[in-house]
Amino acid sequence: MFSRNHLSELTDSLTAGFFADRAVLALARAKKRGRLDESERPIVEDILEFFHNALQGSEWTDKPKFTTESVASAEAFSRALRALPDVRSSEAFKSYVQQLMQIAESVKVSDSLAEQDVDALIQFFTRYGQDELQRTDDLINPKNDLRVPSWTPGKAFGS
Amino acid sequence: MDARESIRLIIESAKERCQALALELDEAEQKQYPSPGPAALLRTIRNINGFVEQKLTNLENDPEIFSLLSAKQAHQHVNRCSQLLPYLHELLGLLDGAEIKHTPAPFVPALRSFTRRYLPDYELLLTSRTSLNYSFLNIAQNLRKLADRAGLAEALMDLPENFVVITFPRAEANNGLLHCVIAHEIGHGIYKKEGLASQLLPLINIDRDKIAELAKVMYQAEVSAASTADKPSGQMPLYPNENELRAQIAVLANNTVTTWLEELGSDAVGFAIFGPAFFFAWVHLVVSIQLIENASPSHPPNSLRIKLLLMMMGIFGKNDATLDGLDDLPDDIKSYANNWNSTCDPPDLSEQFWSIIKSPINKCLEDIGRVAKQVAGDSRYVNDQVRTIAPLRELIIHGIPPNEVMQVQTKSFDYPGMIHILNAGWQVLLTDMDRFAQTFGKDYKTSKIVVKDMLNSIILKAVELDNIRRICHGDEE
């Protein structure tokens, strides 16, 4: 009743982390084979949905509207950003994510994948997975959450 | 040490943790619990544990891990799998305080039956904690998403579709009247089940100018924090670029509005089905441990919550959110509720950061109450003061569990049900304790704790007897 649930956050972090790992493995297999196996199509659909949500989230402050999807979009944006630490402007973010989306679309349909392109996706999800691994570790072994502003009035998320 | 050797050691050590957990599960299965929920959870944890151990073995012998992935990626895979182990321990920790000796065992079956009337496919685990708080957690839905991603969906075959853990304070285990706060927790389940977020979120309007205002407040506060003497030297602002600030605002605003609406919606639904008993229990709990103005990203300020509940009680005048029959509440009960008016109206909008979010939500309180009433439907509380509550109060005052009332003229019995029992109990607690104490030859002023314990015993007995009658008559499972 009075505190946000630690177990929910831990479950969410692990779920995101496993998603990243499955993405990396599926893309690595596709890169080696030169094409995507049918059994791995669902994970690429999930990758596309993630990028779509991240783009929606990046635009939220321009058109703020609260829906049951806007939370997921905001979280996807935040996670994508953490996997792209060198991307600083909103235009650069949109451009980079759209590029990754195009690569994911081509992974879905192409019979001869360009290794360099698939590598860009693999690197993204490796960084995503690494960031989430750290977040899960922080939840399991709590320290000060440096991501939440120290001045935030009231209790911070996860505390 | 090369990558393969270090991974092999991680796997070997993690498998030992799996084996230790299996032994702990054996011990947990020997304990006595008052409902079937704990056994289902234990089986699920055991299944997941088995899957994790098998997955680790598979990783150890998987040629793909090293042929396809870099050392760093391979480590990530293995570490992620091993992170499931502390997670399983947290799940097991949910059972601390769930045994018969730590719960109000007569109350648990009644509460389980009552909850399943609104949430029929929900299994309930009621567990006490050494913290002065109540909480609600549906672990099944999120666990299913995790299991799907982690490739262990089969391990959840013993987990009910919805599995809810409700915690309550161990020190108040036998305080049946305070347990009316659980109405809020049931409200959470109904809020999610009925998808109330989709009805309420669109009502909240924060325009772009307000978002810009929020950004300014956040950025100025961060710059100020970075430059104060108390901070470690060299602390950089948290938002080095535009994207970071956008992300923080989007996440903070969306999570705050969503969770505030869920908390308020759960309050409203809880009130709609439990009636004033929920309000009385809630304020009794809250004022003892919290500030009235205590907004946080996860919970709205108590002042907003009080205002919503008073609105549903009709204290600000009747509206679409007000429950029926509350006009007939005795004057001293109405006066008690009215005393809370000044804590919440007008709303405190002095803190700029929260006022941006508080203001639009404050405008929607009547809508929240109205939606909650609709969702409660025929099950919503109707205060039948004269025919039902007044006779129950008299029974309680005379030390008789109020689970049945004889109608002298017809020589038949009326069975008021748990909610009316609890509401009558609260009315006695607020206004009739002197008379109640006299029944037992006590002076309330000098024996408050003892007399309150007696009241709670009578109420818990009535709730237990009511549930037994329902089971015998086939009304409940």
Side-chain angles (χ1 to χ4, degrees), chain A residues 1-8 10-12 14-22 24-25 28-29 31-32 57-58 60-68 70-71 73-75 77-78 81 87-90 92-93 122 126 129-130 133 136-137 140 146-147 149-157, chain B residues 68-69 72-73 76-77 79-80 83-84 86-87 90 133-137 139 142-143 145-146 149-150 181 184-185 197-198 201-202 204 206-208 211 215 218 221-222 224-225 238 241-244 246-251 253-255 257-259 290 294-299 351 353-354:
Chain A
M1 184 164 179
F2 303 122
S3 64
R4 189 177 164 98
N5 200 284
H6 168 80
L7 191 61
S8 293
L10 185 52
T11 315
D12 177 64
L14 280 164
T15 305
F18 274 108
F19 164 57
D21 289 349
R22 283 183 68 183
V24 167
L25 200 52
R29 285 181 184 136
K31 176 183 161 183
K32 185 176 178 185
S58 72
W60 188 85
T61 48
D62 296 325
K63 295 173 246 174
K65 209 173 164 187
F66 296 102
T67 66
T68 48
S70 60
V71 173
S73 300
E75 291 282 356
F77 174 37
S78 180
L81 210 54
V87 174
R88 294 186 175 274
S89 74
S90 68
F93 176 82
I122 290 174
T126 301
Q130 183 63 39
L133 198 71
T136 305
D137 187 73
I140 292 168
L146 296 176
R147 290 198 195 97
S150 56
W151 51 261
T152 302
K155 289 194 174 19
F157 282 114
Chain B
L68 282 181
L69 303 179
K72 180 178 170 182
Q73 288 163 345
Q76 222 164 277
H77 265 70
N79 283 137
R80 187 95 56 206
Q83 278 182 333
L84 283 170
Y87 178 72
E90 294 228 3
N133 196 2
Y134 290 77
S135 70
F136 172 97
L137 178 63
I139 63 170
N142 285 347
L143 191 45
K145 282 186 209 164
L146 169 57
R149 289 287 188 214
V181 169
H184 169 89
E185 312 309 335
S198 60
L201 281 168
I204 309 302
I206 296 182
D207 62 28
R208 206 176 152 177
I211 294 292
M218 288 168 73
E222 184 57 23
S224 170
L238 207 60
N241 61 60
E242 173 203 358
N243 277 332
E244 296 249 355
R246 278 175 177 263
Q248 187 71 21
I249 293 169
V251 168
N254 273 281
N255 276 316
V257 167
T258 304
T259 55
Q290 286 216 339
N294 62 336
S296 74
S298 64
H299 284 76
E351 191 157 9
F353 182 83
W354 292 121

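Sequence lines set the chain letters: A, B, ... in the order given, protein chains first and strands last, and positions in each chain run from 1. If you're wondering where the values come from, they're calculated on a predicted model, not measured in any experiment.
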Find out whether B:R246 and A:L81 are in side-chain contact, i.e. whether some heavy atom of one side chain is under 4.5 Å from a heavy atom of the other.
no
Here the pair of heavy atoms bringing A:N5 nearest to B:L137 is OD1-CD2, 3.7 Å
On a heavy-atom basis, the closest approach of A:L25 and B:L68 is CD1-CD1, 4.5 Å
Heavy-atom closest pair (A:T61 atom, B:A250 atom, distance to 0.1 Å) is CG2-N, 4.5 Å
When the 4.5 angstrom heavy-atom criterion is applied to A:S58 and chain B, the contacting part is backbone
*asked:* So does A:S90 get a backbone contact from the side chain of B:N243, meaning a donor-acceptor N/O pair under 3.5 Å?
replied: yes
Query raised in the report: Do B:Q83 side-chain atoms and A:L133 backbone N/O form a donor-acceptor pair below 3.5 Å?
Result: yes
Can a salt bridge be assigned to the pair A:D12 and B:K145 using a cut-off of 4.0 Å between side-chain N and carboxylate O? no
Turns out that what part of A:I140 lies under 4.5 Å from chain B's heavy atoms comes down to side chain
Sorted by chain and residue number, the salt bridge (charged side-chain N to carboxylate O under 4.0 Å, His left out) partners of B:R80 (sequence neighbours excluded) come out as A:D21
Smallest heavy-atom separation, B:Q73 atom then A:I122 atom, equals NE2-CG2, 3.3 Å
Under the criterion side chain to side chain contact (heavy atoms under 4.5 Å, CB included), I'd like the reasoning laid out for B:I211 against A:W60: C-alpha separation, chi angles, the key distance, then a yes or no. CA-CA 10 Å; B:I211 294 292; A:W60 188 85; 3.6 Å; yes
Sorted by chain and residue number, the ring-ring contact (aromatic ring centres under 6.0 Å, His included) partners of B:Y87 (sequence neighbours excluded) come out as none
Working note: A:Q130 + B:Q76, criterion side chain to side chain contact (heavy atoms under 4.5 Å, CB included); need CA distance, chi angles, decisive distance, verdict. CA-CA 7 Å; A:Q130 183 63 39; B:Q76 222 164 277; 3.0 Å; yes
Turns out that what part of B:I206 lies under 4.5 Å from chain A's heavy atoms comes down to both
Cut-off 4.5 Å, heavy atoms of chain B, and the answer for A:T136 is both
Bottom line for B:I139: the part with an atom under 4.5 Å from chain A's heavy atoms is side chain
Cut-off 4.5 Å, heavy atoms of chain A, and the answer for B:T258 is side chain
To the nearest 0.5 Å, atom NZ of A:K65 lies from atom CZ of B:R208 at 15.5 Å
Quiz prompt | Under 3.5 Å: donor-acceptor pair, side chain of B:R149, backbone of A:T15 | solution = no
Do any N or O atoms from the side chain of B:N254 and from the backbone of A:A74 form a donor-acceptor pair under 3.5 angstrom?
no
